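I have placed the structure first, in the form of structure tokens, so that the comments after it can refer back to it.
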Number of protein chains: 2
Amino acid sequence: MIINNRMSTILNAVVHLYITNAEPVSSEMIVSYYGLAISTATVRNDLQLLEKYGFLKKPHTSAGRIPTDKGYRFYVDQLMEKEIVHLTEEEKQDIKEHYKIARDYNEIMKVTSVLISRLTQNLGVVLAPNMIKDTLKDIHFVTLNNQRILATLVTNSGLFFQKMMRVNCDISEENLEAISQIIKKEFYGKSLEVVNDEMLNQIYHYYFKYQTLDSIWNLIENCFDFTEEETKIFFGNRSYILKQPEFKEIERLNYLFDFIEEEDNLIKIIKKSIFNKQIDIIIGSELGQEIMENCSVITRQYLLKGKLRGAISVLGPTRMNYSKSVSVLDFISHQLSEILSE
Amino acid sequence: MIINNRMSTILNAVVHLYITNAEPVSSEMIVSYYGLAISTATVRNDLQLLEKYGFLKKPHTSAGRIPTDKGYRFYVDQLMEKEIVHLTEEEKQDIKEHYKIARDYNEIMKVTSVLISRLTQNLGVVLAPNMIKDTLKDIHFVTLNNQRILATLVTNSGLFFQKMMRVNCDISEENLEAISQIIKKEFYGKSLEVVNDEMLNQIYHYYFKYQTLDSIWNLIENCFDFTEEETKIFFGNRSYILKQPEFKEIERLNYLFDFIEEEDNLIKIIKKSIFNKQIDIIIGSELGQEIMENCSVITRQYLLKGKLRGAISVLGPTRMNYSKSVSVLDFISHQLSEILSE
DNA sequence: AATTAGCACTCTATGGTTGAGAGTGCTAAA
DNA sequence: TTTAGCACTCTCAACCATAGAGTGCTAATT
């Protein structure tokens with residue numbers, strides 16, 4: 001299997017034209033749109049070869065070609081980088097404006113997902129920052145009512161985390177204050193992972209050490225498990241993806257929404273991606289989800305103070321603009337990292 | 001215009017059959033499914049009259065009848081109450097189980113919306129509890145990092161409210177503590193509305209009164225506006241509504257999603273409803289949104305300690321099961337009120 | 001006066017047919 | 001190795017034709 005220069009050009013052309021027109025690409029189209037100095041017959045020969053190699057396929061005998069997953073893979077790995085579509089100044093400005101308005105972390109995540117949706121015309125997805133490797137900086141309890149206490153836990157990187165806890169008896173402000181002092185004293189500077197494990201394992205140790213607070217540790221034992229919290233996921237606008245021609249048959253759309261609303265599968269896929277590399281593109285069947293075989297997911301890491309914390313993604317049909325999506329994710333990832341770190 | 005008993009029965013039959021089958025209802029159908037002791041011709045005569053009065057319409061000359069908005073309105077106002085579909089024991093148990101798992105308020109709202117979606121097979125919507133009429137019970141500041149402070153404000157009903165504030169200079173823990181003490185001292189027991197207004201109006205008063213804290217009031221002035229927070233809205237599963245036959249043409253679906261994602265319109269509609277009455281049903285064109293003329297919204301209030309706080313809704317096609325939806329909303333509203341109040 | 005049987009009429013939905021057009025793949029020539 | 005030329009294939013849209021579902025009207029019946 002030899003892919004010469006011309007074949008690369010042709011494959012590239014097919015991908016491009018198919019991405020923009022959503023219709024099978026003919027030899028005629030390739031020549032005319034790219035002004036190639038070769039005949040359509042020559043192009044057809046190459047197309048035949050590219051199909052034989054598995055990069056292209058035809059919906060039916062007398063139709064033009066469309067890329068296979070393997071074709072997109074080759075495009076993404078070998079051809080795309082040369083022609084990354086950079087964002088326009090307006091787009092960049094637009095992104096920055098939106099971030100200026102967002103105040104709290106939830107809003108920042110929401111804005112991020114919406115921006116990705118809008119700029120890629122597909123579904124933007126954001127995984128909220130993970131803080132399990134952070135260290136404990138502060139903890140505070142507030143009584144909401146006689147059955148509920150709100151714990152706010154702050155980490156060294158300025159992220160925070162909240163949990164409502166149910167209790168069966170009144171606990172005085174003083175006792176809550178004392179508890180938080182103890183926790184700070186014992187755990188300040190330790191990673192949440194450690195705090196969590198040690199607290200759960202050694203609860204009786206603390207129970208004996210600080211006897212005055214006996215009733216409270218029992219409550220905390222049941223309530224204070226930081227890790228059980230599942231990853232928060234944010235979705236941007238779903239309306240753009242609805243308009244993609246691959247979803248004009250409702251059935252496909254049903255599959256897509258069932259998949260999205262299941263959430264866990266998607267979270268798994270995204271998490272696996274950021275573990276691998278800074279940016280990861282998963283195409284169609286590579287997702288390993290039969291019902292999603294006509295979709296791709298692009299995932300980009302984002303950082304907080306230089307450390308990997310979460311991911312932002314684009315979910316769209318395999319016929320998506322990979323180049324544009326990568327640019328969007330790159331730029332937004334930088335903005336997001338900057339905002340979170342500041 | 002006289003609607004006799006038989007005509008009511010027939011109108012009721014049309015609504016029922018159309019709701020379950022999503023297909024125009026013929027005279028034959030009505031007689032056979034309802035075992036009426038009259039001929040189809042008689043039914044046809046009544047159908048003609050009901051159409052003349054505007055309760056029914058035909059998609060085309062030789063088709064059965066479907067209800068108009070006016071027809072649904074009559075059904076909902078006059079016929080429905082006699083035959084409310086109560087939830088089964090399993091459904092009730094299912095709801096309770098789900099609420100047991102939910103811990104914090106966000107989870108409770110999310111679970112609520114999902115339950116509504118599942119049980120009605122349409123889109124569940126929840127407006128988070130409004131706390132502007134609550135009084136201030138506690139306030140606490142935590143430093144996240146040198147640029148960000150997290151304020152947690154607790155109200156007398158055990159709800160809380162958070163805001164991240166940006167600052168340009170370090171503020172010591174002591175100063176933050178002092179500030180919160182001052183706010184508590186000045187505003188404890190006052191409604192958030194009042195706190196908000198007075199704080200913003202009299203900021204200079206406090207500035208002079210507590211001079212040691214000069215730099216801080218400036219920051220608070222810009223950041224601490226409780227009311228600007230817009231109403232939080234939660235959506236359940238969108239996948240059920242996708243499967244409704246009225247949305248098998250993508251275009252309708254596009255309208256629906258554009259409307260949903262706009263959010264503001266829907267929030268306005270829901271808020272107007274709860275202001276009116278405990279339960280409110282808005283049918284098709286009554287929504288006043290051209291693109292949503294084939295949809296209805298049912299809204300139910302929910303309480304916290306006996307006071308109106310928010311709303312739960314069902315959004316679906318006008319051909320939705322109003323009776324079932326009302327039951328679902330009723331039951332869930334009670335559960336939700338109970339959980340929030342406990 | 002109300003109901004019903006009977007029947008003509010209307011409209012949709014389905015399936016089959018046709019022809020145009022798009023695009024390929026092959027062959028033979030350049 | 002490239003290309004012109006052409007037969008071949010398949011889709012798509014348009015156009016029937018027909019079956020059948022359901023109505024509305026008229027005249028008969030209760």
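For clarity, every value in this text was computed on a predicted model and none was experimentally measured. In the text below, chain A, chain B and the rest are named by the order of the sequence lines, each starting its count at 1.
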Inset, instruction - Would you indicate whether A:E23, at its atom CD, is surrounded by more than 12 heavy atoms from other residues, nucleotides or ligands within a distance under 6.0 Å? - result: no
Inset, instruction - Take the protein atom CG of A:L56 and the nucleotide atom P of C:dT24, then report the distance between them rounded to whole Å. - result: 11 Å
Legend entry - Residues which pass salt bridge (charged side-chain N to carboxylate O under 4.0 Å, His left out) with B:E263, listed by chain and number, not counting sequence neighbours: none
Legend entry - With A:I233, the side chain to side chain contact (heavy atoms under 4.5 Å, CB included) member among A:V126, A:I260, A:L127: A:L127
Inset, instruction - Could you note down all residue pairs passing salt bridge (Lys or Arg N to Asp or Glu O under 4.0 Å) where residues 37-47 of chain B supplies at least one of them, sequence neighbours left out? - result: B:R6-B:D46
Legend entry - Residues that A:K277 engages under salt bridge (charged side-chain N to carboxylate O under 4.0 Å, His left out), provided they are two or more places apart: A:D280
Inset, instruction - Name the orientation class of the two ring planes belonging to B:F257 and A:F257 (parallel below 30°, tilted from 30 to 60°, perpendicular beyond 60°). - result: perpendicular
Legend entry - Contact under 4.0 Å: A:R6 side-chain N or O vs D:dT1 OP1/OP2: no
Legend entry - Phosphate OP1/OP2 of D:dT2: any A:T42 side-chain N/O under 4.0 Å: no
Legend entry - Selection: residues 43-52 of chain B, any non-hydrogen atom under 4.0 Å of DNA chain C: B:R44, B:N45
Legend entry - Salt-bridge present (A:E51, A:K57; N to O < 4.0 Å): no
Inset, instruction - Report the residues that fulfil side-chain contact (heavy atoms from CB on, under 4.5 Å) with B:N12, sequence neighbours left out, ordered by chain and then residue number. - result: B:H16, B:Y75, B:L79, B:E83
Inset, instruction - Under 4.0 Å from any atom of DNA chain C, heavy atoms only: list the residues of residues 7-34 of chain B that qualify, in numerical order. - result: none
Legend entry - Under the side-chain contact (heavy atoms from CB on, under 4.5 Å) test, residues paired with B:E251 that sit two or more places apart: B:Y255
Legend entry - Qualifying residues under salt bridge (charged side-chain N to carboxylate O under 4.0 Å, His left out), relative to B:K324, sequence neighbours excluded: B:E91
Please list each protein N or O that sits under 3.5 Å from an N or O in nucleotides 28-30 of chain C, with the distance.
none

Inset, instruction - Could you run through nucleotides 7-16 of chain D and give me one letter per nucleotide, 5' to 3': B if any protein heavy atom sits under 4.0 Å from the base, S if only the sugar-phosphate is that close, - if neither? - result: --BBS-----
Inset, instruction - Would you tell me if any nitrogen or oxygen in the side chain of B:K58 comes within less than 4.0 Å of OP1 or OP2 on C:dT10? - result: no
Inset, instruction - Test B:Y240 against B:F247 for ring-ring contact (aromatic ring centres under 6.0 Å, His included), laying out the working first. - result: CA-CA 11 Å; B:Y240 299 112; B:F247 297 110; over 10 Å; no
Legend entry - Relative orientation of the end axes in the helix from C:dA1-D:dT30 to C:dA30-D:dT1, expressed as an angle to the nearest 10° (five pairs per end): 30°
Inset, instruction - May I ask you to say whether B:E246 pairs ionically with B:R252, meaning some side-chain N is under 4.0 Å from a carboxylate O? - result: no
Legend entry - SB check A:K268 A:D264 (cutoff 4.0 Å): no
Legend entry - Whether B:S323 side chain and B:V85 backbone form a donor-acceptor pair below 3.5 Å: yes
Legend entry - Those residues that, when tested against A:K243, pass salt bridge (charged side-chain N to carboxylate O under 4.0 Å, His left out) (two or more places apart): B:D258
